Amino acid sequence: MTLLTLLPLLVLIAGVTFFAIHQSARLSGVQSEILKDGLLQAKKAELKNYMELAYTAIRDIYEDPSLPRDVAQGRVAEAFHRMEYGSDGYFFVYDYEGLNIVHPRLEHLVGHDLWNFRDEDGKFLIQRLVQRAREGGGFTEYRWDKPSGGESVLKLGYSIGLDEWGWMVGTGLYLDDIELVVSQMERHMVENARKTILLMAFFTVSCLLVIAVIGLAVNLSEARVANRKLVKMAQKTFSFLEKERRRISRELHDGINQLLVSARFKLERIDDALERGDHIDASSALAATDRILETGIQDLRRLACDLRPSVLDDLGLVTALESLCSGLVERKAVQIHFESNIDSRQCQPVLATALYRITQESLHNIEKHAGGARQVKVRVLRRRSWVYLEIADDGEGFAWHPDRRHEQDGSGMGLRNIQDRVDLLGGRLSIEAAPGKGVRIRLKVPFQRVCSKPSGERIDGRVYTRTFGG
């Protein structure tokens, strides 16, 4: 093969390169909007989280019928005045008539009626915040001076109502950092794309020149197919790792972190009660702190068990699956019929882990989405060189379209995780679901044997059965 015969291929590669550059420029705007929307949603979630933590801190005072209203309101106002997060995060309080009650950063506003206050866009800011609070909580965008910068920047506020007192409680996050993050991300993507295109062009031309010298003596089709499969498997593996990291991050942030923050607020309440000499309030807050810490300890134990269940390593696959069934029965009023003929001593750790995670994901979906489920069936059987796993429930089900499996709602993410694990094992997965008819997940994967250990398993013989719940 000469350079002349490679000329059409070179022209094609150049055309594809320029097309990729053009498409990258066209899509950069769309990517920027997607990134902005994602950052805004993250800000909203963060605001809700701060507000939930703040309400948790004052709930016992607000909902205590034994406290006189003026005493309770004073304590709550003082608590909000002391609450801060980050360099610019604080809480403000108005009544439903627009009278300012708490403002840690602009204390001269306290006691003033700001019902008719307009922001820089001419909108009635306090009226909008109060309206969102009366509606059960909501977001409001407006411009406000940033304490750390002194400039007026766009701010996202979130307000809720303490309806018994006619109070609106609000907080907000400044949005000036979103544009900065987007611009930095765009520059980073453009630079990476430019370097990648140049590297690809250099590498492609070099390979074509080498091929022109030595010729194409080997058919590369099978190698390319194998390489694509390998890349796909690697991508799925990295995807699993990333999903697990995100799950752990959510568990720590949404669960344990909130419990620790709540415990901190309780300890501050204890300190305040001891200074007042109110030992009853201090004792009550101390008991609440103990319950919060106990919940945190249980959450940590559950997280450690989810990362790598010791029962799977110590007692084997069957006992681990039974543990999952027993756990679901304790949390949900269902009856589980379990069947197996697997000998855990002969099951490879990779296969055992995959079957455990698939069952764990399926039972989690049943617990979370199958509201009316009463009967669940879990069967894991070995027949010759295959392992068959079936998990079925009689819950409310959902509309399942096999031809659009990546676009499902509800438990679709969990089902995609199961599909990826089955693909990595070289198996097959089928899902049967319909509204009112429950869900049935069936899969088969090649059996991976540990040949060095003796086995007493029964293959295609009597099946070990056990029933949980009832």
Side-chain angles (χ1 to χ4, degrees), residues 232-233 235-236 239-240 242-244 246-247 250 306 317-318 320-342 351-383 386-447 463 465-470:
K232 187 175 181 180
M233 292 181 64
Q235 290 174 343
K236 289 184 177 181
S239 176
F240 275 128
E242 193 62 27
K243 290 175 183 176
E244 190 66 9
R246 285 198 298 266
R247 185 186 68 82
R250 286 195 303 269
D306 287 344
L317 174 62
V318 174
L321 296 181
E322 291 179 336
S323 176
L324 291 176
C325 296
S326 177
L328 177 60
V329 168
E330 292 176 0
R331 300 187 301 271
K332 187 177 179 68
V334 296
Q335 184 180 66
I336 301 179
H337 182 68
F338 178 82
E339 299 180 9
S340 174
N341 70 345
I342 294 289
L351 176 61
T353 301
L355 294 176
Y356 178 88
R357 292 301 186 191
I358 291 172
T359 305
Q360 183 182 45
E361 186 71 51
S362 301
L363 294 182
H364 174 74
N365 283 341
I366 292 174
E367 180 181 0
K368 186 176 180 181
H369 301 289
R374 292 295 177 265
Q375 296 289 329
V376 178
K377 178 168 62 176
V378 178
R379 303 175 64 209
V380 54
L381 303 172
R382 178 192 167 194
R383 296 193 180 102
W386 294 90
V387 174
Y388 296 81
L389 175 62
E390 178 181 352
I391 303 168
D393 68 83
D394 62 350
E396 59 191 26
F398 58 90
W400 172 253
H401 305 284
D403 55 333
R404 294 190 289 115
R405 62 179 58 196
H406 294 293
E407 303 174 5
Q408 308 295 320
D409 296 329
S411 60
M413 181 62 71
L415 297 177
R416 286 198 293 273
N417 291 341
I418 294 174
Q419 180 68 67
D420 290 342
R421 291 186 184 275
V422 174
D423 290 344
L424 289 174
L425 292 174
R428 300 176 183 174
L429 172 69
S430 67
I431 300 173
E432 301 173 9
K437 297 184 178 180
V439 180
R440 182 187 304 273
I441 297 175
R442 291 187 293 187
L443 61 94
K444 73 171 186 176
V445 294
F447 181 73
V463 177
T465 64
R466 184 177 177 184
T467 300
F468 299 85

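These figures come from a predicted structure and were not determined experimentally.
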Taken to the nearest 0.5 Å, the spacing of F338 CZ from S326 OG works out to 12.0 Å
CG of L381 to CG of N341, rounded to nearest 0.5 Å, is 5.0 Å
CG of L415 to CG of D420, rounded to nearest 0.5 Å, is 11.0 Å
- Task: Taking the side chain as every heavy atom from C-beta outward, state whether W386 and P446 have any pair of such atoms under 4.5 Å apart.
- Result: yes
In short, V422 meets R428 closest at the heavy-atom pair CG1-N, 3.5 Å
inquiry  = Using side-chain heavy atoms (C-beta onward) and a distance below 4.5 Å, is L321 in contact with S340?
reply    = no
Value for CG (L425) from CG (L443), rounded to nearest 0.5 Å, stands at 9.0 Å
Could you tell me if the side chain of V376 sits less than 4.5 Å from the side chain of V329, heavy atoms only? no
Correct closest heavy-atom pair for C325 and V378 would be SG-CG2, 4.2 Å
Quiz: residues 387-396 side-chain donor-acceptor pairs under 3.5 angstrom, not counting sequence neighbours:
{"unit_1": "E390", "atom_1": "OE1", "unit_2": "R379", "atom_2": "NH1", "d": "3.3"}
{"unit_1": "E390", "atom_1": "OE2", "unit_2": "R440", "atom_2": "NH1", "d": "2.3"}
{"unit_1": "D393", "atom_1": "OD1", "unit_2": "G395", "atom_2": "N", "d": "2.8"}
{"unit_1": "D394", "atom_1": "OD1", "unit_2": "R374", "atom_2": "N", "d": "2.8"}
{"unit_1": "D394", "atom_1": "OD1", "unit_2": "Q375", "atom_2": "N", "d": "3.0"}
{"unit_1": "D394", "atom_1": "OD2", "unit_2": "Q375", "atom_2": "N", "d": "3.4"}

What one should report as the nearest heavy-atom pair of V439 and G397 is CG2-CA, 4.1 Å
Residue pairs meeting salt bridge (Lys or Arg N to Asp or Glu O under 4.0 Å), one or both in residues 324-336, sequence neighbours left out, come to R331-E367
| field | salt bridge (charged side-chain N to carboxylate O under 4.0 Å, His left out) between R442 and E432, worked out | value | CA-CA 8 Å; R442 291 187 293 187; E432 301 173 9; 2.4 Å; yes
Problem set entry | Short side-chain to backbone donor-acceptor contact, T359 and L355, under 3.5 Å | yes
Tightest non-hydrogen contact, residues R421 and I358, listed as CD-CG1, 3.9 Å
Rounding to 0.5 Å, atoms CG (L324) and OG (S362) come to a distance of 10.0 Å
Rounding to 0.5 Å, atoms CD (Q360) and CG (N365) come to a distance of 11.0 Å
Nearest heavy-atom contact between L429 and Q419 is CD2-OE1, 3.3 Å
Across all chains, not counting sequence neighbours, the side-chain contact (heavy atoms from CB on, under 4.5 Å) partners of K368 are H364
